[in-house]
Amino acid sequence: MNAAVPEPGFDTQERQEDSGLIVDVDGFEGPLDLLLTLARNQKVDLRTISILALVEQYLAFINAARQMQLDLAADYLVMAAWLAYLKSRLLLPEPPGGPEPSAEDMAARLTLQLQRLELIRGAADRLGALGKLGVNFFFRPEHESPKPEPVIVQTDTLYDLLRAYGAYRGKRNPPRLSLVKARVFAIEDARHRLERMLGLLIDWNRLDAILPVLAPEPGVRRSAIASMLTASLEMARDGDLEIEQGGAFAPVFIRKRLIPRGEPAEQGEAIP
Amino acid sequence: MTNPDVPEGSVVDIEAHTRNLRIVEAVLFMANEPVDQAVLAAKLPPDAAVEDLLAELSAHYQGRGFHLIRVAGKWAFRTAPDMAFALSEQAKEQRRLSRAAMETLAIIAYHQPVTRAEIEDLRGVSVSKGTLDVLLELGWIKMRGRRKVPGRPVTYGTTEAFLLHFGLDALTDLPGLDDMKAAGLLEQGSVGPALPRLPGDELTATEEPLDGPVEPDEAEDDSLSMKRDAAE
Amino acid sequence: MTNPDVPEGSVVDIEAHTRNLRIVEAVLFMANEPVDQAVLAAKLPPDAAVEDLLAELSAHYQGRGFHLIRVAGKWAFRTAPDMAFALSEQAKEQRRLSRAAMETLAIIAYHQPVTRAEIEDLRGVSVSKGTLDVLLELGWIKMRGRRKVPGRPVTYGTTEAFLLHFGLDALTDLPGLDDMKAAGLLEQGSVGPALPRLPGDELTATEEPLDGPVEPDEAEDDSLSMKRDAAE
């Protein structure tokens, strides 16, 4: 197809004029249109159609049609062949019991077809006569809807409120650091106690049996044990005390060192 | 003062009614496309009788410069047909369909769902692929499904755009439908007798889904037109 | 039947008048932008009184879902302003108070009734008028009365909307300092003045009624915040 050929499906001014020239003032287009008109002119009775007149009109039409659109002409040629065949069937005696439909049937079918086509043409005309959008009536042109103000949803939660208040209170009243004095039994106290008790420690004594009387808190007792042990070790180092422990986690025993300073301690003496 | 359009009711009822009418007016006026009744209902209080409101408004705009009409099962304001002369600059350049295309469209409209072969049978000539393409491109027809016959040919039907263009509310409003029925022509042959009210997507008993793309040449593949194409 | 809008005239006059009204309606209906009176006049017969037609239509559409209004000397149909809600889905926008506003709100909640100067004193920074305005606009705080001190400053308190938003049944449901400490919202060891007893809506002994409107600038006119604002 080249650009000069009109787009199929649409009527162009040129083509309408052309078809006007070729066909008829009514502007029919298809082969059945033509046949319909011809058949009407011949009072529909195809038996009485003059083949000669038919063929002449076809040839005249096809000749003209061929110049503008081969496609159209081809349709008409098929139709012409079919019509000629039908006409011959009508004129010739019927072949006996053949599988082909009878000529009368074919004619009846053709008549029915013509009626249907006429109805369709009428329907197309009525459809075309309806008011058309963009010609006879219009919807409003595209337009923008005014945007309503958005609904504002506050997402603040009670938690946010309380956290804000907590932060405010914390900012305005910062927590004061007050150091609570630790309740401990100091090493110096332990040493002092041991030194005072030294005269009483002639025999082996369990270290935990000579703890001072203390506040009931458990931490204080632990600190007393630790301090007493450390003080005993110090005094043992100084040669004032002897320390014995039977094994890991066994009770620790202490006693006053009987041997004067500088001499090695007795070995192997049994723990009572 | 009483409003004759409103049934006897309290002042509150009448106020609510007026407000509902105004909502429908505003929504339809600002809509860029015909509006479904359900969409209108969603904008209205749950007890609003949308149908009645639309009927009342439709009557109100009768005889004015634009009308409230029902088209393709939806509602829209549309200029009165006799006002077209004043709106000439709005008119888009319209190409007239050829006789063949118009007949093909009419067959599809009145006989849908219909296959290409059935259209050809009715018209008595082959339907060029171009004609169907033009109608498909205009958005007035669509492929609906496939006929449950050997070869599974594609069935065609009209679209909502078709109804909008011709200002039809439903397919049953097609002009001369009764004549066609009276002539028994809608029941002819394999052509589908059941004309749906709207070009819905529901397939008829004789159709099945398209399932998968339609080959570009498929509409062309009946032997008759193939032969003719070859002869060109 | 006579049309009350039209001056006494022949049937022909009335018909022409109706037709002219319809033309104006149709043209304005199709216009995307406001239409000049001259443009309308060009669509009408030369003897048509465009001004009168527009006035009549404008009156007709008063109180309907869309109005005929004059904008910038031109004419256009516009949806009624109160119909905006129906026209498109209202967007939801989530917002949160600024840190400063939340702190101010918290202080008002826990220390009400409280004046602006007292809030500033508690926070140690000036409270911008905008912050209080935001809270007033949200409806979370209100002016309760005036403090019985020189200058009679306005006292603020929280509202029912405040309780509703934060899911509180009553102000007394606001957690106390110990609860806040237990919840980790307040540092252990942070002490400060005990929380004041929260009042109901009745004015406290230190308040008196607002009696009369509050000057818009009143919240702004204490010299302290003026100085601080200037310093900022």
Side-chain angles (χ1 to χ4, degrees), chain A residues 1 6-13 15-16 19 26-33 35-36 69-79 82 110 112-146, chain B residues 29-34 66-67 69 76-84 87 90-92 94-107 109-110 121-126 128-135 137 164-168 174-177 179-180 183 185 188 228 231-232:
Chain A
M1 264 197 193
E7 205 179 328
F10 290 109
D11 267 352
T12 60
Q13 202 63 29
R15 188 165 150 197
Q16 269 174 293
S19 3
D26 289 344
F28 47 68
E29 185 206 1
L32 271 170
D33 284 352
L35 178 62
L36 182 62
Q69 217 181 359
L70 195 64
D71 172 34
L72 190 69
D75 277 354
Y76 280 80
L77 279 171
V78 171
M79 200 61 213
W82 189 81
L110 182 62
L112 183 65
Q113 176 112 353
L114 295 178
Q115 282 173 3
R116 280 161 68 180
L117 194 69
E118 208 175 352
L119 266 170
I120 287 160
R121 289 189 57 186
D125 288 343
R126 274 183 279 201
L127 205 56
L130 286 177
K132 284 171 207 66
L133 186 64
V135 179
N136 307 92
F137 44 75
F138 304 88
F139 292 119
R140 283 194 76 205
E142 287 277 314
H143 50 268
E144 273 188 32
S145 294
Chain B
F29 189 75
M30 285 314 288
N32 275 323
E33 282 166 2
F66 48 92
H67 299 161
I69 56 134
F77 279 118
R78 202 182 67 183
T79 56
D82 60 336
M83 289 290 121
L87 305 167
Q90 308 280 354
K92 285 176 208 114
Q94 297 252 341
R95 289 193 293 175
R96 255 186 57 197
L97 280 183
S98 70
R99 171 109 234 142
M102 203 61 201
E103 274 181 27
T104 303
L105 179 63
I107 289 169
Y110 286 86
D121 185 48
L122 280 163
R123 285 198 67 219
V125 287
S126 71
S128 85
K129 190 165 170 302
T131 301
L132 285 177
D133 282 348
V134 162
L135 296 174
E137 215 164 287
L164 288 181
H165 183 83
F166 290 100
L168 297 166
L174 280 169
L177 199 60
D179 296 350
M180 311 261 307
L185 289 174
Q188 199 66 48
R228 283 184 186 155
E232 263 181 62

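Quantities reported herein were computed from a predicted structural model and do not represent experimental measurements. Protein chains get the first letters and strands the later ones, always in sequence-line order, with residue 1 at the start of each.
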Asks: Is the NZ or CZ atom of A:R140 positioned over B:F29's six-membered ring, under 6.0 angstrom from the centre and within 45° of the axis?
Replies: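 The answer is yes; both the distance and angle limits are met.
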Asks: Distance-only, no hydrogens or angles: does the B:T79 side chain make a donor-acceptor pair with backbone N or O of A:F137 under 3.5 Å?
Replies: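 Checked: no pair found.
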Asks: To check you understand the geometry: which heavy-atom pair defines the closest contact between B:L174 and B:A109, and what is its length?
Replies: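 In this case the closest contact between B:L174 and B:A109 is CD1-O, 3.5 Å.
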Asks: Top residue by heavy-atom pair count (under 4.5 Å) with chain B, among A:D125, A:L130, A:L133?
Replies: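 Greatest number of close heavy-atom pairs with chain B: A:L133.
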Asks: Minimum heavy-atom separation for B:N32 to A:E142, with atom names?
Replies: OD1-CA, 3.3 Å
Asks: Under 4.5 Å heavy-atom distance to chain A, tell me which part of B:L135 shows up: side chain, backbone, both or neither.
Replies: neither
Asks: Which region of B:F77, side chain (C-beta onward) or backbone (N, CA, C, O), has a non-hydrogen atom less than 4.5 Å from a non-hydrogen atom of chain A, or is it both or neither?
Replies: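 For B:F77, backbone heavy atoms alone lie under 4.5 Å from chain A.
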